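To keep things clear, I will list the structure first and then write my remarks on it.
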Amino acid sequence: MTRLLLPLLLVCCIACNKTSQNLPKEGMIEISKKELDNKIKGGWAGQVIGVTYGGPTEFYFKGSMIQSYHPIPWNDTLIKWWYLNAPSLYDDVYMDLSFVDIFERCGLNAPADSFAQSFAYAKYHLWHANQQARYNIMHGIKPPASGYWRNNPHADCIDFQIEADFAGLMCPGMPNVASDVCDKTGHIMNSGDGWYGGVYVAAMYSLAFISNDILFIVSEALKTIPAQSSFAKCISDVIAWHNQYPNDWQKAWFELQKKWSEDIGCPKGTFEPYNIDAKMNAAYVVIGLLYGDGDFAKTIDIATRCGQDSDCNPATAGGIIGAIIGYDKIPDVWMRPLKQVEDMTIQYSSLSLNQVYTTVNKHALAMIEKNGGRVVNDKVEILYKNPMSVIYEVNFEGIAPKEKINLSKLNNKHLEFNFDGKAFVVSGYISNAEGNVTDTANYSALYEIIIDGKIIDTLDLPANMITRNADIYSNYDLQQGKHNVVMNWLNPQDNWRANIKDVLVYSEKK
């Protein structure tokens with residue numbers, strides 16, 4: 001980091017010199033109700049447009065950028081097609097709306113448990129940290145333990161990062177208040193860098209209401225993240241690379257790949273080119289914002305072409321640039337397909353986009369008044385306070401990935417393997433005999449876990465897509481050394497199948 005300190009300081013100086021007269025200062029900031037509404041609508045609209053634009057490319061480009069000659073289709077019917085045929089694309093949106101609904105039903109002081117229960121027992125599909133958190137909550141592990149890395153191997157994944165838009169949009173110009181909302185909701189499924197992704201995104205949305213300077217927004221929002229965290233260091237590097245290579249986003253992308261592309265947590269991404277790590281994908285969002293130069297189309301296109309989770313990243317970048325420029329400044333080519341669905345109910349929600357705009361506007365006005373601001377006639381006064389860092393958290397501390405062992409050819413009714421290390425995660429899933437996982441499956445496999453001759457646990461592993469475990473089993477609490485693991489399937493049935501794939505082994509980090 002030493003070599004990047006000077007460029008980063010230079011970035012901050014440039015930002016200050018460029019717009020020093022316009023940067024927000026602590027105190028009351030006035031904005032019209034019309035502009036507040038315009039930015040809230042722009043944030044939600046940009047999110048839906050961005051995720052739709054990037055949808056066809058999601059995880060097709062793992063560890064590689066999408067070249068400029070590669071076409072990404074867009075037409076006036078595209079959003080409606082996804083709405084009707086593949087609504088799970090909008091997990092970014094319907095997850096946000098679970099939290100919006102709780103605030104609507106339970107008020108601004110809704111307890112954390114209300115969010116957790118609503119999330120866990122909803123009928124939509126989830127993945128990674130979200131799915132593991134759902135399983136944890138259903139099995140008595142409540143937040144924040146449900147998102148803690150020792151209980152959730154996906155704690156550093158992108159999940160809360162793609163769901164934190166609501167927190168920034170309901171806390172306009174109040175990034176620290178947005179952080180408080182994120183503390184209550186984001187620790188349901190994430191911790192450490194995974195949680196920081198949501199805190200950072202919410203802060204950028206919040207600052208979009210009081211500044212149009214993108215460099216200021218991405219830099220100032222980073223003050224909510226502990227400087228010693230790998231998340232903050234990664235984003236700081238991106239800002240510095242933008243200063244060093246202001247006209248070449250691909251150069252910044254290559255520098256990012258070289259330094260930060262290692263994923264050590266997610267069992268699917270470790271030892272693979274697949275990367276759903278929060279800080280890496282947040283970096284792609286920042287690349288889109290900085291090199292997009294305030295242009296909506298350019299912003300979401302670059303965020304998409306960075307690859308990996310290339311629907312969620314343009315959704316986040318599109319939402320933030322949408323909040324910056326406002327709903328009425330999003331070009332018509334993007335708005336025509338959106339307007340076709342604004343009155344359609346978003347699947348897994350009771351709200352349409354038009355209803356979301358109104359509901360979140362109401363929450364934002366209430367939040368402003370609750371936190372020292374005022375609503376007077378057609379104007380609002382927001383009490384702005386400089387961003388402050390949230391608490392420092394580190395995931396996967398003291399361990400490092402060592403190897404991934406293929407288990408798929410072993411007998412899954414009595415599975416035994418040996419490894420030399422300190423921790424391990426077994427990946428796989430329970431399915432019907434054909435290998436399919438459905439929402440209607442009513443079977444749970446019971447597995448006995450024996451480590452070094454001692455019965456450690458009995459697992460309840462549902463075959464149902466909604467209630468399944470994200471991974472078969474994880475244990476981060478062993479002593480460094482050689483270990484023997486036995487997994488006995490206690491209730492096997494011919495019409496159900498255990499698809500146990502591999503074991504990710506960690507050693508003590510030296």
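Because the structure is predicted, anything quoted here is derived from the model rather than measured.
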From CA spacing to verdict: side-chain contact (heavy atoms from CB on, under 4.5 Å), Y384, L207: CA-CA 9 Å; Y384 172 65; L207 292 168; 3.9 Å; yes
For [X], side-chain hydrogen bond (donor to acceptor under 3.5 Å, both in side chains) partners two or more places apart:
| X | value |
| --- | --- |
| D301 | Y53, R305 |
| Q161 | none |
| S179 | none |
| N130 | D159, E163 |

For residues [X] and [Y], determine if any side-chain heavy atom of one lies less than 4.5 Å from a side-chain heavy atom of the other.
| X | Y | value |
| --- | --- | --- |
| N354 | T358 | no |
| L78 | Y83 | no |
| M170 | L108 | yes |
| V218 | V238 | no |
| P331 | F296 | yes |
| I214 | I321 | yes |
| P56 | I72 | no |
| S350 | T345 | no |

Regarding [X] and [Y], do their side chains bring together a donor and an acceptor under 3.5 Å, going by distance alone?
| X | Y | result |
| --- | --- | --- |
| N136 | N151 | no |
| N313 | Q308 | no |
| S352 | D343 | no |
| D237 | W260 | yes |
| D309 | N281 | no |

Sequence neighbours left out, what pairs pass salt bridge (charged side-chain N to carboxylate O under 4.0 Å, His left out) with at least one residue falling in residues 166-193?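 For residues 166-193, and leaving out neighbouring residues, the salt bridge (charged side-chain N to carboxylate O under 4.0 Å, His left out) pairs sorted by first residue read D193-K279.
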Please collect all salt bridge (charged side-chain N to carboxylate O under 4.0 Å, His left out) contacts where either partner lies in residues 387-396, sequence neighbours excluded, each pair once.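 Non-adjacent pairs meeting salt bridge (charged side-chain N to carboxylate O under 4.0 Å, His left out): zero.
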Tell me which pairs pass side chain to side chain donor-acceptor pair (under 3.5 Å) where either residue lies in residues 285-295, with sequence neighbours left out. D293-K298
What pairs meet the side chain to side chain donor-acceptor pair (under 3.5 Å) rule with one or both residues in residues 59-75, with sequence neighbours excluded?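 Every pair satisfying side chain to side chain donor-acceptor pair (under 3.5 Å) with a residue in residues 59-75: N75-T77.
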Backbone N/O of [Y] and side chain of [X]: donor-acceptor pair under 3.5 Å:
| X | Y | answer |
| --- | --- | --- |
| D471 | S427 | no |
| N85 | W81 | yes |
| W249 | C306 | no |
| D502 | L504 | no |
| T224 | M388 | no |
| N38 | D328 | yes |
| R468 | Y429 | no |
| D37 | K33 | no |

Pairs under 3.5 angstrom only: tabulate donor-acceptor contacts from the side chains of residues 119-126 to other protein residues two or more places apart or in another chain.
{"residue": "Y124", "atom": "OH", "partner": "S98", "partner atom": "OG", "Å": "2.6"}
{"residue": "H125", "atom": "NE2", "partner": "D439", "partner atom": "OD1", "Å": "2.9"}
{"residue": "H125", "atom": "NE2", "partner": "D439", "partner atom": "OD2", "Å": "3.0"}

Given side-chain contact (heavy atoms from CB on, under 4.5 Å), test L169 with D96 step by step and report yes or no. CA-CA 11 Å; L169 290 168; D96 275 76; over 6 Å; no
Roughly how far, to the nearest 0.5 Å, is [atom2] of [Y] from [atom1] of [X]?
| X | Y | atom1 | atom2 | result |
| --- | --- | --- | --- | --- |
| R150 | E397 | CZ | CD | 8.5 Å |
| L256 | M280 | CG | CE | 4.0 Å |
| T316 | D92 | OG1 | CG | 6.5 Å |
| F254 | S261 | CZ | OG | 12.0 Å |
| L351 | D101 | CG | CG | 6.5 Å |
| K233 | L222 | NZ | CG | 12.5 Å |

Test log, rule ring-ring contact (aromatic ring centres under 6.0 Å, His included), inputs W82 and Y90: CA-CA 9 Å; W82 283 98; Y90 299 100; 7.3 Å; no
State, to 0.1 Å, how close [X] and [Y] come at their nearest heavy-atom pair, and which atoms those are.
| X | Y | value |
| --- | --- | --- |
| I29 | P24 | CD1-CB, 3.7 Å |
| A178 | A167 | CB-O, 3.8 Å |
| K39 | A208 | NZ-O, 2.9 Å |
| M335 | I330 | CG-O, 3.4 Å |
| N190 | A129 | ND2-CB, 3.8 Å |
| P153 | P267 | CB-CG, 3.9 Å |

Who are the ring-ring contact (aromatic ring centres under 6.0 Å, His included) partners of Y196, not counting sequence neighbours? none
Any residue meeting ring-ring contact (aromatic ring centres under 6.0 Å, His included) with F209, in chain and number order, not counting sequence neighbours: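 If we apply the ring-ring contact (aromatic ring centres under 6.0 Å, His included) test to F209, skipping adjacent residues, there are no hits.
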Before we go on, tell me: are the rings of F166 and Y205 under 6.0 Å apart, centre to centre?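 No, the ring centres sit 6.0 Å or more apart.
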Ring centroid separation Y357 to W44 under 6.0 Å: no
Using a strict cut-off of less than 4.0 Å between a Lys/Arg side-chain nitrogen and an Asp/Glu carboxylate oxygen, indicate whether K268 and E272 qualify as a salt bridge. no
Is the count of non-hydrogen atoms from other residues, nucleotides or ligands lying under 6.0 Å from K385 atom NZ greater than 12?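 Check fails, neighbour count at 12 or below.
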Check side-chain contact (heavy atoms from CB on, under 4.5 Å) between Q228 and all other residues, then give those that pass, not counting sequence neighbours. P226, Y392
After noting the C-alpha distance and the side-chain angles of E104 and K362, does the key distance pass the salt bridge (charged side-chain N to carboxylate O under 4.0 Å, His left out) rule? CA-CA 9 Å; E104 179 67 6; K362 180 176 68 174; 2.7 Å; yes
Take the angle between the ring planes of F396 and Y506 and call it parallel below 30°, perpendicular above 60°, tilted in between.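 If you compare the ring of F396 with that of Y506, the planes turn out parallel.
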